[in-house]
Amino acid sequence: MKTQVVIIGAGPAGTLLSLLLKRNGIESVVIERQSKAYVLGRIRAGVLESTSVEILKAAGVGGRIDSRGQAHDHVEIAWRGEDVLSIGFGRLTGKNMVAYGQTLIQEDLYEAASNENIGIVFEAADVEIHDPDSGAPFVTYKADGQAGRVDADFVAGCDGQHGVSRATIPSSVKREYENAYPFGWLGILSETPPLPGLVYANHERGFALCSQRNPMLSRYYVQCPVDDSVDDWSDDRFWSELTTRLPRSVADNIVTGPSIEKSIAPLRSYVIEPMQHGALFLAGDAAHIVPPTGAKGLNLAISDVHYLAKAMTQHFAGDTAPLENYSATALRRVWSSVRFSWWLTTLLHRFPDQSDFEQRAREEDLNYLTQSEAAQTAFAEQYVGLDL
Ligand code: APR
Ligand code: PHB
């Protein structure tokens, strides 16, 4: 096969890229390792910046976000088991956030891709990128027992944290930045009415978060040791731990019920620089990972793809500079969110070896946020995400 852009990975980044390119008259082929059902079944992020909503709408997939997304304009942060600070980012920045699950986004993206006749090869094994630093890169794979090959002008590496694209960049040209956190998040979904808004808690027993997917689907998290197993966590233990970490005024409003999904995820920050090598361009989790605190991962994948689709479109129209600058352009927004999610994670979690001094300093950060509208505005600007 010959196309203009071969995209590796049909998660949110890869599928959205194929759609934005198609809108601009650029052909692509997407190669995905997993089955469609597997990708659709993954439970992941669920909060969109307004910038992400605009980009999804530009790709023609905004319809259900308006009807099913839950817009919110503030978050609450609780600490010491009693204080609750509300930060009205809607009032402070003019921008809201929308709770809309990644599962639904992926369904919307696949439906739009199918309507646009975009070719997605699912269950592709042994995907390999060849000659990324030449003018004639190509990708090989095996699917349905047959060997496949796609030649293209460009390769987009949208294959997530464990993909092959990043490894194709030689160590002599790449620089990697990494931070692992000494705890994980235990998350559950339950078919119970959520709290009206998002609540984050810093408690001596560890972090907790109350979130939502829709009016009858709640998403809750508690910080836990990263090597815990979900078998250690009965539903009763989860609800008891969650409500203990929240102030009574919040905990009293939590409606408990059986969990329908339970999983433990490690927390990590990671960035590779540059996000391009020759004809290969990285976007989304293939290029960076953020801890989930602040919900920036999916939003960054969407903004990377916006920059990349635009720069490729300009390239095919004769202006090569934006694509040459893709990495620098994308990394500015990436580092802003990477720093913010690292800071918010540090502010709200208990580290196994932290001193009383560090905890008091964190509480002072929260006191300052409570007292200063300037500090709340700075928080709000970063929480809702920078302008493109
Ligand atoms: N070949 C082909 N496809 C691959 C390969 C490979 N070698 N390795 C991984 N993939 C696929 C994965 O199966 C997955 O479907 O690439 C896709 C990457 O999708 P995601 O991991 O979802 O990453 P991305 O599209 O960048 O989405 C951004 O934001 O909310 C966060 O982590 C969350 O997935 C989310 C991400
Ligand atoms: C989520 O709903 O999954 C979520 C919400 C807010 C966060 C992180 C995760 O900061």
Side-chain angles (χ1 to χ4, degrees), residues 6-18 30-49 52 70 72 75-77 97-103 105-106 109-110 120-129 139-143 155-168 185 187-189 194-195 197-200 207-214 217-221 261 263 265 267-268 270 282-305 308 337 340-341 344-345 348 383:
V6 53
I7 300 173
I8 306 184
T15 322
L16 178 62
L17 179 62
S18 71
V30 191
I31 300 175
E32 165 61 49
R33 179 164 64 184
Q34 304 287 356
S35 68
K36 186 172 179 176
Y38 180 93
V39 178
L40 285 170
R42 286 190 298 224
I43 309 282
R44 287 192 163 171
V47 181
L48 293 173
E49 296 172 2
S52 300
Q70 308 287 312
H72 53 275
V75 287
E76 290 182 357
I77 302 179
M97 303 282 279
V98 180
Y100 186 73
Q102 183 168 324
T103 325
I105 295 174
Q106 193 68 60
L109 290 168
Y110 281 160
I120 306 181
V121 180
F122 286 100
E123 297 182 72
D126 302 338
V127 176
E128 267 184 71
I129 302 171
V139 171
T140 56
Y141 60 93
K142 285 205 192 77
V155 181
C158 301
D159 47 355
Q161 208 179 149
H162 307 291
V164 289
S165 302
R166 200 172 55 221
T168 310
W185 275 19
I188 71 152
L189 276 173
L195 295 178
L198 255 66
V199 182
Y200 296 85
F207 169 85
L209 168 61
C210 309
S211 180
Q212 57 183 278
R213 291 290 176 271
N214 67 50
L217 191 58
S218 301
R219 181 78 166 146
Y220 294 103
Y221 300 95
E261 198 267 345
S263 55
L267 273 67
R268 192 161 85 95
Y270 170 89
L282 302 179
D285 279 12
H288 38 74
I289 298 294
V290 289
T293 334
K296 289 291 162 228
L298 176 60
N299 291 293
L300 277 183
I302 292 174
S303 59
D304 285 353
V305 162
L308 187 55
S337 292
F340 180 67
S341 49
L344 195 57
T345 301
L348 297 179
Y383 192 83

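Along the sequence shown, the residues carry numbers beginning at 1. Numbering of ligands and ligand atoms starts at 1, following listing order.
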Enquirer: Using only atom types and a distance under 3.5 Å, with no angle test, would you say the side chain of Y110 pairs donor to acceptor with the backbone of A10?
Expert: yes

Enquirer: Return yes if some donor-acceptor pair links the side-chain N/O of D159 with the main-chain N/O of V164 below 3.5 Å, else return no.
Expert: yes

Enquirer: Flag the pair P292 / L267 as yes when at least one side-chain heavy-atom distance between them is below 4.5 Å, and no otherwise.
Expert: yes

Enquirer: Quick one: which ligand 1 atoms are inside 4.0 Å of a heavy atom on I8?
Expert: 1 (N), 2 (C)

Enquirer: For ligand 1, is any non-hydrogen atom under 4.0 Å from P12's backbone (N, CA, C, O), its side chain (CB onward), both, or neither?
Expert: both

Enquirer: Look at atom 18 (C) of ligand 1 and say which protein heavy atom is nearest, naming residue and atom and giving the distance to 0.1 Å.
Expert: C158 O, 3.4 Å

Enquirer: Heavy-atom distance under 4.5 Å between the side chains of T15 and E32, does that happen here?
Expert: no

Enquirer: Nearest to atom 4 (C) of ligand 1 by heavy atom, R33, H288, E123: which?
Expert: R33

Enquirer: With distance as the sole test, does D285 use its side chain to make a donor-acceptor pair with the main-chain N or O of Q161 at under 3.5 Å?
Expert: no

Enquirer: Does any part of the side chain of M97, heavy atoms only, come nearer than 4.5 Å to the side chain of Y383, both counted from C-beta?
Expert: yes

Enquirer: I'd like to check which ligand 1 atoms, numbered from 1 as shown, lie under 4.0 Å from a non-hydrogen atom of Q34.
Expert: 13 (O)

Enquirer: Is ligand 1 under 4.0 Å from a heavy atom in the side chain of D285, in the backbone, in both, or in neither?
Expert: both

Enquirer: Quick one: look up the protein heavy atom nearest atom 1 (N) of ligand 1 and list residue, atom name and how far away it is.
Expert: V127 CG2, 3.5 Å

Enquirer: Specify side chain, backbone, both or neither for S211, according to which of its non-hydrogen atoms lie closer than 4.0 Å to ligand 2.
Expert: side chain

Enquirer: Just jot down the ligand 1 atoms closer than 4.0 angstrom to any heavy atom of G163, in number order.
Expert: 8 (N)

Enquirer: Using a strict 4.0 Å cut-off to heavy atoms of R213, name the atoms of ligand 2 that fall inside it.
Expert: 1 (C), 2 (O), 3 (O)

Enquirer: Report the nearest protein non-hydrogen atom to atom 19 (O) of ligand 1: residue, atom name, distance rounded to 0.1 Å.
Expert: G11 CA, 3.5 Å

Enquirer: Looking at A45, which atoms of ligand 1 are within less than 4.0 Å of one of its heavy atoms?
Expert: 30 (O)

Enquirer: Could you tell me whether R219 and ligand 2 have an N or O pair separated by under 3.5 Å?
Expert: no

Enquirer: Any idea which protein heavy atom is nearest atom 7 (N) of ligand 1, and the distance to it?
Expert: V164 CG1, 3.6 Å

Enquirer: Which bit of L300 gets closer than 4.0 Å to ligand 1, counting heavy atoms only: side chain, backbone, both or neither?
Expert: neither

Enquirer: Quick one: pull up CG in L40 and CD in Q102 and give me the separation to the nearest 0.5 Å.
Expert: 10.5 Å

Enquirer: For atom 9 (C) of ligand 1, what is the closest protein heavy atom, and at what distance to 0.1 Å?
Expert: D159 O, 3.1 Å

Enquirer: Name the orientation class of the two ring planes belonging to W185 and F207 (parallel below 30°, tilted from 30 to 60°, perpendicular beyond 60°).
Expert: parallel

Enquirer: Rounded to the nearest 0.5 Å, what separation is found between the CG atom of L217 and the CD atom of Q70?
Expert: 10.5 Å

Enquirer: Closest non-hydrogen protein atom to atom 8 (C) of ligand 2, residue and atom name please, with distance?
Expert: P292 O, 3.2 Å

Enquirer: For a 4.5 angstrom cut-off between non-hydrogen side-chain atoms, does R213 reach T103?
Expert: no

Enquirer: Using a strict 4.0 Å cut-off to heavy atoms of L298, name the atoms of ligand 1 that fall inside it.
Expert: 29 (O), 30 (O), 31 (C)

Enquirer: Nearest protein heavy-atom contact for atom 10 (O) of ligand 2: which residue, which atom, what distance?
Expert: Y200 OH, 2.5 Å

Enquirer: Which of the atoms of ligand 1 are close to R44, meaning less than 4.0 Å from one of its heavy atoms?
Expert: 20 (P), 21 (O), 22 (O), 32 (O), 33 (C), 34 (O), 35 (C)

Enquirer: A side-chain contact here means heavy atoms from C-beta on lying under 4.5 Å apart; do I129 and S165 qualify?
Expert: yes

Enquirer: Treating D126 as the side-chain partner and T140 as the backbone partner, does any N or O pair qualify as donor plus acceptor under 3.5 Å?
Expert: no

Enquirer: Decide whether an N or O pair under 3.5 Å exists between G294 and ligand 2.
Expert: yes

Enquirer: Taking only heavy atoms of Q102 into account, list the atoms of ligand 1 that are under 4.0 Å away from them.
Expert: 22 (O), 30 (O), 31 (C), 33 (C), 34 (O), 35 (C)

Enquirer: Indicate yes or no: does an N/O atom of Y221 lie under 3.5 Å from an N/O atom of ligand 2?
Expert: yes

Enquirer: Please report which non-hydrogen protein atom sits nearest to atom 28 (C) of ligand 1, along with the residue it belongs to and the distance in Å to one decimal place.
Expert: A301 CB, 3.5 Å

Enquirer: Do V127 and R33 come close enough that some side-chain heavy atom pair is under 4.5 Å?
Expert: no

Enquirer: Does R42 approach ligand 1 within less than 4.0 angstrom via side chain, backbone, both or neither, non-hydrogen atoms only?
Expert: side chain

Enquirer: Donor-acceptor check, side chain of R219 to backbone of S211, threshold 3.5 angstrom: yes or no?
Expert: no

Enquirer: Just need the protein heavy atom nearest to atom 25 (O) of ligand 1, so name the residue and atom and give the distance.
Expert: A13 N, 2.9 Å

Enquirer: Tell me the contacting part of A124 for ligand 1: side chain, backbone, both, or neither, using a 4.0 Å heavy-atom threshold, strictly below.
Expert: neither

Enquirer: For E49 and L300, indicate whether the former's side chain and the latter's backbone hold a donor-acceptor pair under 3.5 Å.
Expert: no

Enquirer: Quick one: nearest non-hydrogen protein atom to atom 15 (O) of ligand 1, plus distance?
Expert: E32 OE1, 2.7 Å

Enquirer: Does the side chain of L48 reach to within under 4.5 Å of the side chain of I105, using non-hydrogen atoms?
Expert: yes

Enquirer: Numbering the atoms of ligand 1 from 1, which are under 4.0 Å from a heavy atom of I31?
Expert: 2 (C), 3 (N)

Enquirer: Could you check whether any side-chain heavy atom of S263 comes within less than 4.5 Å of a side-chain heavy atom of I43, counting everything from C-beta outward?
Expert: no

Enquirer: Taking the minimum heavy-atom distance to atom 9 (C) of ligand 2, which of L209, V47, I43, L344 ranks first?
Expert: L209

